[in-house]
Protein chains: 2
Amino acid sequence: MAQTGRSGCPINLTLEQLGDRWSLVVVRDVMFGNRRSYGELLAQSEERIASNILADRLKRLTASGLLTRRPDPTHRQKVIYSLTEAAIQLVPLLAHMGAWGRRHTRPSKELSVRAELLEQGGAPLWNAFMEELRHLHLGAPRPARSVSGELQAAYEKALAKRSR
Amino acid sequence: MAQTGRSGCPINLTLEQLGDRWSLVVVRDVMFGNRRSYGELLAQSEERIASNILADRLKRLTASGLLTRRPDPTHRQKVIYSLTEAAIQLVPLLAHMGAWGRRHTRPSKELSVRAELLEQGGAPLWNAFMEELRHLHLGAPRPARSVSGELQAAYEKALAKRSR
DNA sequence: CAGACCACTTGCATATCGCAAGTAGTCGAA
DNA sequence: TTCGACTACTTGCGATATGCAAGTGGTCTG
């Protein structure tokens, strides 16, 4: 995953940086699940990522400029991870990945709701979501629309429907 | 990479199937480079994929329904690999991957030309390309526009510029 | 009928993955 | 002030994946 320098093809370089089982899962959890610390990412991991793998990926993602790390002012031992602009620009990629997975794998219905909404919303929705992420992670002004709220509401509605 | 069944999230399922260093590189070469046989994929590999890894990925991609395999009628020993519809629907994903890599890694200028064109063309270009792939790989009628020709021409133009 | 070509396979060293357990320090309540 | 929970990890180790180099059995070409 480190710089092997095999080829200058942008698709290949993206895969060298992100082409593994876990990197984008971690980005997804920070992005869509707003998990901001090691503990949250570990405990609330849908896929039960191993602690050493998580530590390694946080290190790599930070080193490669997709995440930043800063101490939590309210707790001397806590660390807050934030997305960088480069990571925020992965939104369309993850949206497409969700859309493809929805069509060509057998996803659970509840967990597909967000992907479906993102797919239907298209670029305008992605841009609104990216604006919101810039607010949450980079200190940009809060936008009017909360896409994460919409996604979460849709997910919870699907959950409620399921349990009925 | 096999079915671990960790979570029904469509992004995760996509990563379980394609989240490794080589799978999408192979798909990319079949898709954009029109490499249709093991030998072509091995010899013309920009990234010098190892022969056993290539064999393994071709097996997996075929097993998971992204490629099909059929004998070459003109050569008893040759095998032709084709993209399935599921693989063709990875076009937008690969386009985004190229676009992201172009912005956030240090790609070579010549190899970025295709990614740039794909990014500028957007969904209409992707759809035209997918139509062409359906012709080349699934036997659909030949569309009027040849996106692969346009991409190839742009690449060769960039190469010529470089060597001047 | 020899030599190149075809699609792989095999052996083996190294790297990575992933489970389970451990570490060193901090915080909050009794 | 002390104890237990919580913080972000690290460590050990077996299992799996990667990747180089060489080999295999068959086919086509001059």
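Residue numbering restarts at 1 for every chain, and letters A, B, ... go by the order of the sequence lines. Just so it is clear, the values below take in all heavy atoms, side chains as well, and ignore hydrogens, waters and symmetry mates.
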Would you mind reading off the distance between [X] atom [atom1] and [N] atom [atom2], rounded to a whole angstrom?
{"X": "A:Asn52", "N": "D:dA8", "atom1": "CG", "atom2": "C1'", "value": "13 Å"}
{"X": "A:Asp20", "N": "D:dA17", "atom1": "CG", "atom2": "C1'", "value": "13 Å"}
{"X": "B:Gln77", "N": "C:dC8", "atom1": "CD", "atom2": "P", "value": "10 Å"}
{"X": "A:Leu67", "N": "D:dA8", "atom1": "CG", "atom2": "P", "value": "14 Å"}
{"X": "B:Leu61", "N": "C:dC8", "atom1": "CG", "atom2": "C1'", "value": "16 Å"}
{"X": "B:Leu54", "N": "D:dA17", "atom1": "CG", "atom2": "C1'", "value": "16 Å"}
{"X": "B:Asp72", "N": "D:dC28", "atom1": "CG", "atom2": "C1'", "value": "12 Å"}
{"X": "B:Tyr81", "N": "C:dC6", "atom1": "OH", "atom2": "P", "value": "14 Å"}

Notebook entry, point to check: Under 3.5 Å, is there a donor-acceptor pair between the A:Arg36 and A:Ser82 side chains?
Noted result: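 Yes, because at least one side-chain N or O of A:Arg36 sits under 3.5 Å from a partner of the opposite role on A:Ser82.
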Practice task
Report yes or no: do A:Glu16 and A:Asn12 form a side-chain donor-acceptor pair below 3.5 Å?
Solution key: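 A:Glu16 vs A:Asn12: donor-acceptor pair found between side chains.
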With the side chain of [X] defined as its heavy atoms from C-beta on, choose the nearest nucleotide among [options].
{"X": "A:Ile53", "options": "D:dG25, C:dA7, C:dC17", "result": "C:dC17"}
{"X": "A:Lys78", "options": "D:dC9, D:dG26, D:dA8", "result": "D:dA8"}
{"X": "B:Ser51", "options": "C:dC8, C:dA24, D:dG26", "result": "C:dC8"}
{"X": "A:Arg60", "options": "C:dC17, C:dT26, D:dT18", "result": "C:dC17"}
{"X": "A:Arg57", "options": "D:dC9, C:dC17, D:dT27", "result": "C:dC17"}

query = Checking all strands, does B:Asp56 fall into the base, sugar-phosphate, or nothing category for heavy-atom contacts under 4.0 angstrom?
reply =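 Touches nothing.
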[N], OP1 or OP2 - any side-chain N/O from [X] closer than 4.0 Å?
{"X": "B:Lys59", "N": "C:dA7", "answer": "no"}
{"X": "B:Trp22", "N": "D:dA17", "answer": "no"}
{"X": "A:Arg76", "N": "D:dT7", "answer": "no"}

Report task. Dump the intermediate steps for salt bridge (charged side-chain N to carboxylate O under 4.0 Å, His left out) on B:Arg21 and B:Glu47, then the final yes or no. Result -> CA-CA 11 Å; B:Arg21 180 76 182 69; B:Glu47 288 87 10; over 6 Å; no
Taking the nucleotide of DNA chain C with the nearest heavy atom to each, does A:His75 or B:Val79 sit closer to the 5' end?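 Counting from the 5' end, the first nearest nucleotide belongs to B:Val79.
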### Task
Take A:Ala50 and A:Thr74, find for each the nucleotide of DNA chain C with the closest heavy atom, and name the residue whose nucleotide sits nearer the 5' end.
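Whichever sits nearer the 5' end wins; that is A:Ala50.
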query = Does a salt bridge link B:Glu132 with B:Arg142, judged by any charged N lying under 4.0 Å from a carboxylate O?
reply =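 Looking at B:Glu132 and B:Arg142, the cut-off is not met.
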Exercise for the section: For the pair A:Arg57 and A:Asp20, find out whether any cationic side-chain nitrogen is under 4.0 Å from an anionic carboxylate oxygen. Expected result: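 Salt bridge present between A:Arg57 and A:Asp20.
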- request: Return the orientation label for the B:His96 and A:Trp126 ring planes: parallel under 30°, perpendicular over 60°, tilted otherwise.
  value: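 Taking A:Trp126 first and then B:His96, their aromatic rings stand perpendicular (interplane angle over 60°).
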- Query: Where do B:Trp100 and B:Thr105 land on the side-chain contact (heavy atoms from CB on, under 4.5 Å) test, with the steps shown first?
  - Reply: CA-CA 8 Å; B:Trp100 190 89; B:Thr105 68; 4.2 Å; yes
query: Strictly under 6.0 Å, is that where the ring centroids of B:Tyr155 and B:Phe32 end up?
result: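 When the ring centroids of B:Tyr155 and B:Phe32 are compared, they turn out to be at least 6.0 Å apart.
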* Asked: Between residues 32-49 of chain A and DNA chain D, which residues have a heavy-atom gap below 4.0 Å?
  ->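 Residues of residues 32-49 of chain A under 4.0 Å from DNA chain D: A:Ser37, A:Tyr38, A:Gly39.
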